[in-house]
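Contents: one structure, followed by commentary.
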Amino acid sequence: MKPAHYVNGVFAPTEATFPLLSPVDGSQVGVVPEASRDVVDAAVRAARAALDGPWGRTSVEERCAFLRRIADGIEARFDEFVAAEVADTGKPRDLAATVDIPRAIGNFRAYADLAYGRPERAYPTTVPGWSGSGQALNYTVRRPLGVVAIISPWNLPLLLLTWKVAPALAAGNAVVAKPSEETPSTATLLAEVIGEAGLPDGAFNLVHGHGAGAAGEHLTSHPGVDAIAFTGASATGAAIMRNAAEHVTPLSFELGGKNPALVFADADLAEAVEGTVRSSFTHSGQICLCTERVYVQRPVFDEFVRALAERARALTGYGPMISAEHRDKVLSYYRLAVEEGATVQAGGGVPTFGDARDSGFYVEPTVLTGLPQSARTVREEIFGPVCHVAPFDDEDEAIRLANDSPYGLAATVWTTDLSRAHRVAPRVEAGIVWVNCWNLRDLRTPFGGVKASGIGREGGEYSLDFFSEPVNVCVKI
Ligand code: NAD
Ligand code: 6OD
């Protein structure tokens, strides 16, 4: 399968391309087409035409049936999707086979259920003396926004793309999607499946290419785009927002994080250590929800650091950073941490394997201690397999440290004191707080962040709300 643009129901021929590299060994494994402004224009035109054609006349039942067929289509080619995701990202196969691809299928099924079962309100109204009988029925219908641009990152490529495509289609929009330039393959397979599912031409379009000054920017500044749903870095969000301001285009943003974990002395320490190994090192820390700041109550601090560092040193089978550029960024933070005075408890460098992976983009799982809260290493998102562990004395200090961040995406709280859990969770400035667990997701729940971590919420009804416009109809009785 070769990555290709998909516009108006056909795979468009490729003009300019750039190389696709394997993060596992740095070898070139393919080429990716770079969409010109003309290709982006054609995709936006096709989407607009779809809204004026059969797609714009579909009922919610028909759209939900399409979503289920798409889910079935991905499932039927499950191994192909897993292999493509592994090839693009280098992530362990197990992760792609248990999270990325099943969740992508789940996104289509969940939104088919949610959109079909969605109630709307009606208000019988009486205003005595007004307009004859003074009686009316108010009810609300939901209209799609129109042409929506969906821009997704490389870390969970199909999962995060479908997380937006499924509700956008369920709500009746026409989509122009641009996946990350690093991970074009599962998006292209998705376009094949969508074509096979019989979605009317133009309802889903896919353009590949870079972001700034290229396909991503062409799309998000396009006057024909009615809304933008973006997942990626906060700085990119700011750039998109500047372009979107020109046309006052509505935005939904899922951005970066610098997520804290709070480990109280009453926690089940073994569980807290294992949970933090997962939350800091899953997908080599390249998940927006990963923990990069760990605060541990002083009586158990030394024991926690010892156990976490031991587990980090023992990790094997982890995947690489997505690119040489990202590896270099993570390594620059490993060096910065030392310059800032950190003690490296585990990792801090590049592993050697004695095989082809030595040409890949790997870094060691790393545990740091000893930095002040003001250190850049503690404040800036690194997006690699690294966490800094610092002590705290009481609940108020833990909450103050957790909230002392420009970000506010997710947090974890480790405690066996139920009252403490309920007290602490709502005081943490984050969109998602997990207690004694991490990344346990129900697709119906709100997902998103505060501060520099995002604007709005997606997930369940929240996504359907973003991707549609309520229209109140008032009928005189
Ligand atoms: P990125 O912002 O560099 O790129 C994301 C997407 O935006 C890519 O498709 C890219 O081509 C495009 N893009 C880049 N510049 C653009 C521009 N000027 N205009 C339009 N499009 C542009 O992010 P990334 O490196 O792919 O992903 C990592 C980042 O994403 C991290 O900061 C991570 O925290 C964040 N992230 C957040 C969530 C969340 O749900 N909150 C989920 C995953 C990743
Ligand atoms: O699990 C999800 O649905 C989700 N949106 C995960 C986001 C992960 C960010 O990297």
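We count ligands from 1, going down the list as the structure has it; atoms in each ligand are counted the same way.
Using a cutoff of 4.0 Å between basic side-chain nitrogens and carboxylate oxygens, Arg311 and Glu274 are scored as salt-bridged. Comment: Glu458 engages Lys164 in a salt bridge, judged by a side-chain N to carboxylate O separation of less than 4.0 angstrom. Of the charged side-chain nitrogens involved, at least one lies within less than 4.0 Å of a carboxylate oxygen, so that Arg109 and Asp72 count as a salt-bridged pair. Checked for salt-bridge contact, Asp226 and Arg48 meet the test: a charged N lies under 4.0 Å from a carboxylate O.
Side-chain contact check for Ile70 versus Leu190: some heavy-atom pair is nearer than 4.5 Å.
A donor-acceptor contact shorter than 3.5 Å is absent between the side chain of Thr366 and the backbone of Val386. Not a single donor-acceptor pair under 3.5 Å links the side chain of Arg103 to the backbone N or O of Leu159. Distance alone, capped at 3.5 Å, places no donor-acceptor pair between the Tyr362 side chain and the Gly319 backbone.
Using a 4.0 angstrom heavy-atom cutoff, Gly449 does not count as in contact with ligand 1. The closest approach between a heavy atom of Gly454 and any atom of ligand 1 is not below 4.0 Å. Remark: distances from the non-hydrogen atoms of Pro179 to ligand 1 include one below 4.0 Å. For Glu458, the closest heavy-atom approach to ligand 2 does not fall below 4.0 Å.
In this pair, Trp55 and Phe66 present their aromatic rings tilted. The plane angle is within the 30 to 60° band.
Checked by distance only, ligand 1 and Ser453 stay at 3.5 Å or farther apart across all their nitrogen or oxygen atoms. Taking only nitrogen or oxygen atoms, main chain and side chain alike, Ala233 reaches within less than 3.5 Å of ligand 1. For a threshold of 3.5 Å applied to N or O pairs, the pair formed by Asn155 and ligand 1 contains no separation below that value.
Residues Glu364 and Tyr334 have side chains that never bring a donor and an acceptor to within less than 3.5 angstrom of each other. A donor-acceptor pair shorter than 3.5 Å cannot be found between the side chains of His222 and Thr249. Defined by atom type and a distance below 3.5 Å, a donor-acceptor pair is missing between the side-chain atoms of Ser36 and Asp38.
Of all atoms in ligand 1, numbered sequentially from 1 with element shown, those under 4.0 Å from a heavy atom of Phe230 are 2 (O), 5 (C), 6 (C), 7 (O). For ligand 1, the atoms lying closer than 4.0 Å to a non-hydrogen atom of Glu254 are 37 (C), 38 (C), 39 (C), 40 (O), 41 (N). Listed by number with element, the atoms of ligand 1 under 4.0 Å from a non-hydrogen atom of Phe447 are 40 (O). With ligand atoms numbered from 1 in the order given, ligand 1 contributes 19 (N), 20 (C) to contacts under 4.0 Å with heavy atoms of Thr220. Within ligand 1, the atoms closer than 4.0 Å to a non-hydrogen atom of Ile240 are 19 (N), 20 (C), 21 (N), numbered from 1 in the order shown. Atoms of ligand 1 found under 4.0 Å from any heavy atom of Ala212, numbered from 1 in the order shown, are 15 (N), 16 (C), 17 (C), 18 (N). Atoms of ligand 1 lying under 4.0 Å from any heavy atom of Ser152, numbered from 1 in the order shown and given with element: 6 (C), 8 (C), 9 (O). Atoms of ligand 2 found under 4.0 Å from any heavy atom of Leu160, numbered from 1 in the order shown, are 4 (C), 5 (N), 6 (C), 7 (C). Interface atoms of ligand 1 facing Ile151, defined by a heavy-atom separation under 4.0 Å, are 6 (C), 7 (O), 9 (O), 12 (C).
In terms of protein heavy atoms, atom 8 (C) of ligand 2 is closest to Cys288 SG, 3.1 Å. The protein atom (non-hydrogen) at minimum distance from atom 24 (P) of ligand 1 is Trp154 NE1, 3.2 Å.
At a distance under 4.0 Å, no protein heavy atom can be found next to atom 4 (O) of ligand 1.
Using a 4.0 Å cut-off between heavy atoms, Ile287 makes no contact with ligand 1 at all. At a heavy-atom cutoff of 4.0 Å, ligand 1 is contacted by no atom of Leu219, backbone or side chain. If you look at Leu156 next to ligand 2, the close heavy atoms, those under 4.0 Å, all belong to the side chain. The side chain of Arg103, and not its backbone, has at least one atom closer than 4.0 Å to an atom of ligand 2 (non-hydrogen atoms only; side chain from C-beta on). With a 4.0 Å cut-off on non-hydrogen atoms, Ser234 does not touch ligand 1 at all. The residue Leu289 has no part lying near ligand 1, judged by heavy-atom distances below 4.0 Å. When heavy-atom distances to ligand 1 are checked against a 4.0 Å cut-off, His326 has no atom that comes that close, whether in backbone or side chain.
Among Ala177, Gly213, Cys288, the residue whose heavy atom lies closest to atom 42 (C) of ligand 1 is Cys288.
In this structure, Phe383 has its ring center under 6.0 Å from that of Trp154.
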